[in-house]
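Numbers restart at 1 for each chain; the letters A, B, ... are given by sequence-line order, proteins then strands. None of the values given here were measured: they were computed from a predicted structure.
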Amino acid sequence: MLDVRLLRTDLEAVEAGIARRGGDLSQVERAAELDRAQRRVSSERDELRSRIKRISEEVAGLRRDGRIDDAEVLQAESRLMGEAEKALAAESDTLAGELRELLLRIPNLPAPDCPDGSGEGDNVVLRVVGYEPDAYGGSQRVPHWEIGSELGILDLERGAKLSGSMFPLYRKAGAQLVRALCQVALDRNRDLYEEIRPPSLVRTETMVSTGHLPKFGDDAYHIERDDLWGIPTAEVPLTSMGRDEILDEADLPMRMMAYTPCFRREAGAAGKDTRGLLRVHEFDKVELLAYATPEQAEGVHAEILERAETLIEALGLAYRVLDLCCGDIGNSSARTFDIEIYAPGVDQWLEVSSVSWFSDYQARRAGVRYRPAGGKGTGVVHTLNGSGLAVPRVWAGIVETHHRPDGAIRIPDILVPYMGGQQTIT
RNA sequence: GGAGGGAUGGCAGAGCGGACGAUUGCGACGGUCUUGAAAACCGUUGACCCUCACGGGUCCGGGGGUUCGAAUCCCCCUCCCUCCGCCA
């Protein structure tokens, strides 16, 4: 959620930012109007309220002095004001409610250095690592679902039988590989990131904090009976860890990581990339997330990207890093770098990590604040996050990239200890 | 699922119709002392909104009510804790 004060002090900048990402300017104008109206009514109410308080004090004094008749005259006066005050309060609350509803739907402002552009095609490729289109052999040009079923490590039919399509089921070394990937991602980040295992089902409020609600409810699984939501990413619970708390600046940046399942309905993507593991409803992921001061944010953003990137490289995968343009960053994001791996079997670049800086947009919704060292007052923290590793697409990339002509899959060195010492899947 | 108890400032914890935005302790900050630190002592210290400022207002889990006046009384809701039952 944007800082309402920006609507008052620099409405033009807000409009310019929303325009850069192709957002709805009428919402911004409407919000600015509501804010003006709300403040007007609220000042009127404050004034009345102040008079009522003063009268109450007088009444108290009069009653102490035994001047009951005089007190009753004032009481009658105050009663009338009380009714007017109640009406103003109700109006102010209504306006404030409408304003908040609107504010929850207005997206974040893109960072100044976020590239211009209106969609995917305008994203900037920052670097491409390890990609040699002519160097891939025939065995690498086989889609992972074929290799997986051949080796008996991926059973999509059975997954579909249990839960429907796009719910994968891994077997034997395939299942082990899922676990190995999560484990290695956690272990590599253990030096700085606190490991958390949060709940996978959360309250509505928790989904609102990150911006997944109210706008994107269709993308999430909702358990109606208990009004709980399946988390689409660990970003959701981790961002709310500090909800309504005030942290010490000395504790920032506060770095956390979590291995969790992620649930996505993929409602908007029906029929697209549905083969194999390209797009699934449930998957495992290790997420890195940090709370930072505004000054620390840029450095931490770079740090998360670097960590995600070096792991992909260590897994022997070709990848590229994209600087997403204003038109393609997520609703809550101010700047996002995507890491895409190249999967030779399906001949596609697959997004495996979105490393985002949300400025104070999510933290304001969640009420995660900090107390600047030595200073007065509080500030809103910045949140940053990125996938340390998202299993299915990386799994697919490994299976295709390391598929040898003899049909076996070579296990990348860093995973061997996590695979019980085995160096190949045959 | 049943029965009780609770929700107050960064934290702990008093207050139970008017002088309470709230005693106190801890923490934090500033100072004295010290070569430095600790201890001790003195002082400062809630958040939020409007205002250039003066100042005003809101907030004691949330919502509603009683009252001239509510942290305090009444009603509803949510959450947390304890015990019993069930259970991985």
Leu80(A) atom CG is separated from U67(B) atom C1', nearest whole Å, by 15 Å
Return the value, rounded to whole Å, for the distance between atom CZ of Arg49(A) and atom P of G57(B). 9 Å
So CG of Leu350(A) and NE2 of His144(A): to nearest 0.5 Å the spacing works out to 8.0 Å
Please lay out, stage by stage, how Val286(A) and Tyr193(A) fare under the test side chain to side chain contact (heavy atoms under 4.5 Å, CB included). CA-CA 11 Å; Val286(A) 171; Tyr193(A) 288 75; over 6 Å; no
Which one is paired to U82(B), where only Watson-Crick or G-U wobble pairs with both distances under 3.5 angstrom count? A3(B)
Does OP1 or OP2 of C48(B) have a side-chain N or O of Thr378(A) closer than 4.0 Å? yes
How is Arg54(A) classified with respect to the nucleic acid when contacts are heavy atoms under 4.0 Å: base, sugar-phosphate, or nothing? nothing
With a 4.0 Å cut-off on N to O distance, would you call Arg335(A) and Asp323(A) a salt bridge? yes
Can you check the distance between G36(B) and C49(B), where both ends of the measurement are the C1' atom (answer in whole Å)? 46 Å
Salt-bridge criterion met for Arg20(A) and Asp116(A) (N-O under 4.0 Å): yes
Charged N to carboxylate O below 4.0 Å: is that the case for Asp155(A) and Lys161(A)? no
Considering every strand and a 4.0 Å limit on heavy-atom distances, what is the contact class for Arg5(A): base, sugar-phosphate, or nothing? sugar-phosphate
Does Arg63(A) put a side-chain nitrogen or oxygen below 4.0 Å from OP1 or OP2 of G69(B)? no
Within the structure shown, what part of the strands sits under 4.0 Å from Ser56(A) by heavy-atom distance: base, sugar-phosphate, or nothing? base
Nearest to side-chain heavy atoms of Arg79(A), which nucleotide of G57(B), G10(B), C68(B): C68(B)
Tell me: CD1 of Ile55(A) to C1' of G18(B), nearest whole Å? 15 Å
Taking atom P in both A71(B) and G2(B), what distance in whole Å separates the two? 34 Å
Heavy atoms under 4.0 Å, any strand shown: does Arg369(A) hit a base, just sugar-phosphate, or nothing? sugar-phosphate
For nucleotides C73(B) and A3(B), find the distance between their C1' atoms and express it as a whole number of Å. 26 Å
In whole angstroms, how far is the C1' atom of G61(B) from the CZ atom of Arg203(A)? 12 Å
Take atom P in U23(B) and the same atom in G9(B), then report the distance between them in whole Å. 13 Å
Ionic contact status for Glu266(A) with Arg264(A), cut-off 4.0 Å: no
Opposite nucleotide pairing with C16(B), Watson-Crick or G-U, both atom distances under 3.5 Å: none
Which whole number of Å gives the distance between the P atom of C29(B) and that of C77(B)? 45 Å
Taking only the C1' atom of each, what is the distance from U45(B) to G6(B) in whole angstrom? 29 Å
What is the base-pairing partner of G36(B), counting Watson-Crick and G-U wobble geometry with both distances under 3.5 Å? none
With both distances under 3.5 angstrom, what nucleotide forms a Watson-Crick or G-U wobble pair with C87(B)? none
U51(B) versus A19(B) - spacing of their C1' atoms, nearest Å: 28 Å
Euclidean distance for C1', C33(B) against C42(B) (whole angstrom): 11 Å
Is it true that Arg30(A) and Glu98(A) make a salt bridge, defined as a side-chain N closer than 4.0 Å to a carboxylate O? yes
Distance check needed: G18(B) C1' versus Arg67(A) CZ, whole Å only. 17 Å
Between Glu57(A) and Ser42(A), the residue closer to the 5' end of RNA chain B by nearest nucleotide is Glu57(A)
Send over the distance from Tyr370(A) OH to A47(B) C1', rounded to a whole Å. 16 Å
Round to a whole Å and report the spacing from NZ of Lys53(A) to C1' of A19(B). 13 Å
Regarding Leu74(A), tell me which of base, sugar-phosphate or nothing describes its non-hydrogen contacts under 4.0 Å with the strands shown. nothing
When rounded to the nearest 0.5 angstrom, what is the spacing between CG in Leu278(A) and CZ in Arg393(A)? 7.0 Å
Closest approach to the side chain of Val59(A), judged atom by atom: which nucleotide of G57(B), G46(B), G18(B) is it? G18(B)
Look at the side chain of Ala60(A) and decide which nucleotide, out of G18(B), C68(B), G10(B), has an atom nearest to it. G18(B)
Please compare Asp93(A) and Gln75(A) by the position of their nearest nucleotide in RNA chain B and report the one closer to 5'. Asp93(A)
In whole angstroms, how far is the P atom of C49(B) from the CZ atom of Arg100(A)? 14 Å
The Watson-Crick or G-U wobble partner of U72(B), with both key distances under 3.5 Å, is none
When both distances are under 3.5 Å in a Watson-Crick or G-U wobble arrangement, the nucleotide paired with U45(B) is G27(B)
